[in-house]
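Structure, as structure tokens:
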Amino acid sequence: MASLRATMNTLPPVSLPLAGQVALVTGANTGIGRVIARELARQGARVFLACRSAERTAEVQAEIDALPGARPAPWLPLELGDFASVGDCAQRFLDQGLPLHLLVNNAGLAGARGLTRSGFEMAFGVNHMGHFLLTQRLLPALRAAGAARIVTIASRAHRRVDGIPFEHLREPTRSATGIPEYSVSKLANLLFSAELGRRLAGSGVATYAVHPGVVASDIWRTVPAPLRPLFHWLRRMITVDEGARTPLRCATDPALAGQSGLYWSDGAPAQPSPAGRDEALARALWQHSEDWTH
Ligand SMILES: NC(=O)c1ccc[n+]([C@@H]2O[C@H](COP(=O)([O-])OP(=O)(O)OC[C@H]3O[C@@H](n4cnc5c(N)ncnc54)[C@H](OP(=O)(O)O)[C@@H]3O)[C@@H](O)[C@H]2O)c1
């Protein structure tokens, strides 16, 4: 009986819902991205982990290896603040010759200050510009999948700003906390996802922007130390597993297949702020982002 159970444990489950699907998750070594990557792998997807550090990604790889029937999850080096690294990451994936059914633009930082290696305000450069370029470069593989989804983790924080300060995006972070700049970057995530959805209409590739909730992840580590207790006190934070629920629903629920370009929160479509619904602003952001990445 024990040997039968041991044999059963090594056999791949017969019909995992995402068997045959290929996914790429950015920032998959911790927080919400780690849960998303693990759950996609648990459901049978082959998941590429696009992260900064091989060492920090190894734990997630081991976690995925231990799942019954899961495919090994390769690491793709990715530093989103550096266009050369983003280009290399996309090329390493494209070199596999695989279709890409699911791209999860998850990685992000909040409260970090400065300029990225590619010369953008830190939050905007990492959270928006890096993902803009990565998505552009991966589009051939997404189109090749026939039906594909791009889930971009935005935030309710986009409501705290009413526009994109284009004139300051190529300067180091101006605020002392980096929080206003984070909010701009999350508005950019939202506008990007909506504009991409419009541009990909009819292609089979659908886009979803998601607010995951206020999550007790590592993201608060870069917020200036004196502010951290205030953040925890002001908001009841949910767990990373809870925070991954809406992104995972957008990534996998067959009922959501046609619902491209929307903003999701608490498992349902939500109304973005007026700036988040501004199509002219989305087009302006797209044009700038395209000019800056060419
Ligand atoms: N936590 C929340 O309450 C909350 C709320 C709304 C939206 N979000 C969004 O949810 C997403 C995931 O956040 P989280 O809470 O899970 O944060 P987290 O635990 O801090 O994880 C962030 C991930 O992004 C990666 N990352 C940061 N900077 C990077 C860079 N320059 N290049 C490549 N990867 C980079 C980190 O890698 P390292 O480990 O190497 O630093 C890490 O894997 C973010 O987009 C965030 O804005 C979070």
Side-chain angles (χ1 to χ4, degrees), residues 24-38 49-61 75-90 103-118 120-134 151-160 178-179 181-190 192-193 208-223 228 231-232 234-248 250 263-266 270 272:
L24 188 155
V25 182
T26 69
N29 60 293
T30 186
I32 301 164
R34 178 172 179 158
V35 178
I36 294 172
R38 189 189 65 216
L49 310 169
C51 306
R52 285 200 276 203
S53 146
E55 201 186 341
R56 290 197 295 277
T57 307
E59 265 185 47
V60 194
Q61 289 177 305
W75 171 57
L76 295 173
L78 173 66
E79 164 51 65
L80 283 160
D82 179 357
F83 285 172
S85 166
V86 174
D88 285 350
C89 175
L103 168 63
V104 185
N105 289 326
N106 161 79
L109 48 76
R113 303 179 69 251
L115 207 59
T116 64
R117 188 171 294 174
S118 299
F120 293 87
E121 187 288 317
M122 186 61 76
F124 183 82
V126 169
N127 300 354
H128 169 68
M129 288 305 300
H131 282 125
F132 179 86
L133 181 59
L134 183 69
V151 177
T152 299
I153 313 296
S155 171
R156 190 174 69 191
H158 80 273
R159 297 186 180 285
R160 295 204 202 102
I179 297 302
E181 288 82 358
Y182 173 72
S183 303
V184 166
S185 78
K186 292 289 122 178
L187 174 60
N189 285 153
L190 185 55
F192 162 64
S193 183
Y208 307 77
V210 180
H211 170 60
V214 182
V215 181
S217 68
D218 286 347
I219 199 158
W220 310 104
R221 69 191 178 287
T222 39
V223 170
R228 266 176 243 153
F231 269 81
H232 286 271
L234 284 174
R235 300 116 177 259
R236 191 194 73 79
M237 295 204 187
I238 59 175
T239 65
V240 285
D241 291 274
E242 290 168 321
R245 271 188 206 149
T246 304
L248 279 166
C250 289
Y263 169 56
W264 297 77
S265 179
D266 285 327

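All values reported here derive from a predicted model rather than from experimental measurement. Atoms within a ligand are numbered from 1 in the order they appear, just like the ligands themselves.
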Q: Run down the list G213, G27, S155 and name the one with the heavy atom closest to atom 5 (C) of ligand 1.
A: G213
Q | Any N105 side-chain heavy atom under 4.5 Å of N189 side chain | A | no
Q: Report, as yes or no, whether the 6.0 Å neighbourhood of atom CG on D266 holds more than 12 heavy atoms from other residues, nucleotides or ligands.
A: no
Q) With a 4.5 Å heavy-atom cut-off, do L109 and N127 have their side chains touching? A) yes
(Q) Does any part of the side chain of L76, heavy atoms only, come nearer than 4.5 Å to the side chain of L78, both counted from C-beta? (A) no
**Q.** From the candidates H158, R156, R52, E55, the one that places a heavy atom nearest atom 27 (C) of ligand 1
**A.** R52
Q: Taking only heavy atoms of A107 into account, list the atoms of ligand 1 that are under 4.0 Å away from them.
A: 24 (O), 25 (C), 26 (N), 34 (N), 35 (C), 45 (O)
Q) Are any non-hydrogen side-chain atoms of L103 and V151 less than 4.5 angstrom apart? A) no
Q) Does even one non-hydrogen atom of A154 get within less than 4.0 Å of ligand 1? A) yes
Q. Under a 4.5 Å cut-off applied to non-hydrogen side-chain atoms, are R156 and Y263 in contact?
A. yes
Q. Taking the side chain as C-beta and beyond, is there a heavy-atom pair between N29 and E59 under 4.5 Å?
A. no
Q: Would you mind listing which atoms of ligand 1 come within a distance below 4.0 Å of any non-hydrogen atom of V126?
A: 28 (N), 29 (C), 30 (C), 31 (N)
Q: Heavy-atom distances under 4.0 Å are what count here, so tell me which part of P212 touches ligand 1: side chain, backbone, both or neither.
A: side chain
Q) Considering distance alone, does some N or O of K186 sit under 3.5 Å from an N or O of ligand 1? A) yes
Q) What about S217: any of its N or O atoms under 3.5 Å from an N or O on ligand 1? A) yes
(Q) With respect to G108, determine whether any N or O atom, backbone or side chain, lies less than 3.5 Å from an N or O atom of ligand 1. (A) yes
Q: Classify the ring geometry between F120 and F83 as parallel (under 30°), tilted (30 to 60°) or perpendicular (over 60°).
A: tilted
Q.
Heavy-atom distances under 4.0 Å decide this one: backbone, side chain, both or neither, for T26 against ligand 1?
A. neither
Q: State, without any angle test, whether H131 and T26 hold a side-chain donor-acceptor pair at a distance under 3.5 Å.
A: yes
Q: Could you tell me whether R34 approaches ligand 1 through its side chain, its backbone, both or neither, with non-hydrogen atoms closer than 4.0 Å?
A: neither
Q) Between the candidates I238, I32, V210, V215, which shows the shortest non-hydrogen contact distance to atom 2 (C) of ligand 1? A) V215
**Q.** Note: E181-R113 ion pair, threshold 4.0 Å (strictly below)
**A.** no
Q. Quick one: which ligand 1 atoms are inside 4.0 Å of a heavy atom on G31?
A. 16 (O), 19 (O)
Q. So, do R160 and I179 sit near enough that their side-chain heavy atoms are less than 4.5 Å apart?
A. yes
**Q.** N or O contact, L80 vs ligand 1, cut-off under 3.5 Å
**A.** yes
Q) Which of the atoms of ligand 1 are close to V214, meaning less than 4.0 Å from one of its heavy atoms? A) 3 (O)
Q: Pull out every atom of ligand 1 sitting under 4.0 Å from any heavy atom of L109, numbered as shown with elements.
A: 28 (N)
Q: Report yes if the side chains of P77 and D88 come closer than 4.5 Å at any heavy-atom pair, otherwise no.
A: no
**Q.** Atom indices of ligand 1, in the order listed, that fall short of 4.0 Å to a heavy atom of I153
**A.** 9 (C), 10 (O), 11 (C), 45 (O)
Q | Where ligand 1 meets L78 - atom numbers and elements under 4.0 angstrom, heavy-atom basis | A | 32 (N), 33 (C)
Q) So between V25, V104, N29, whose heavy atom ends up nearest atom 37 (O) of ligand 1? A) N29
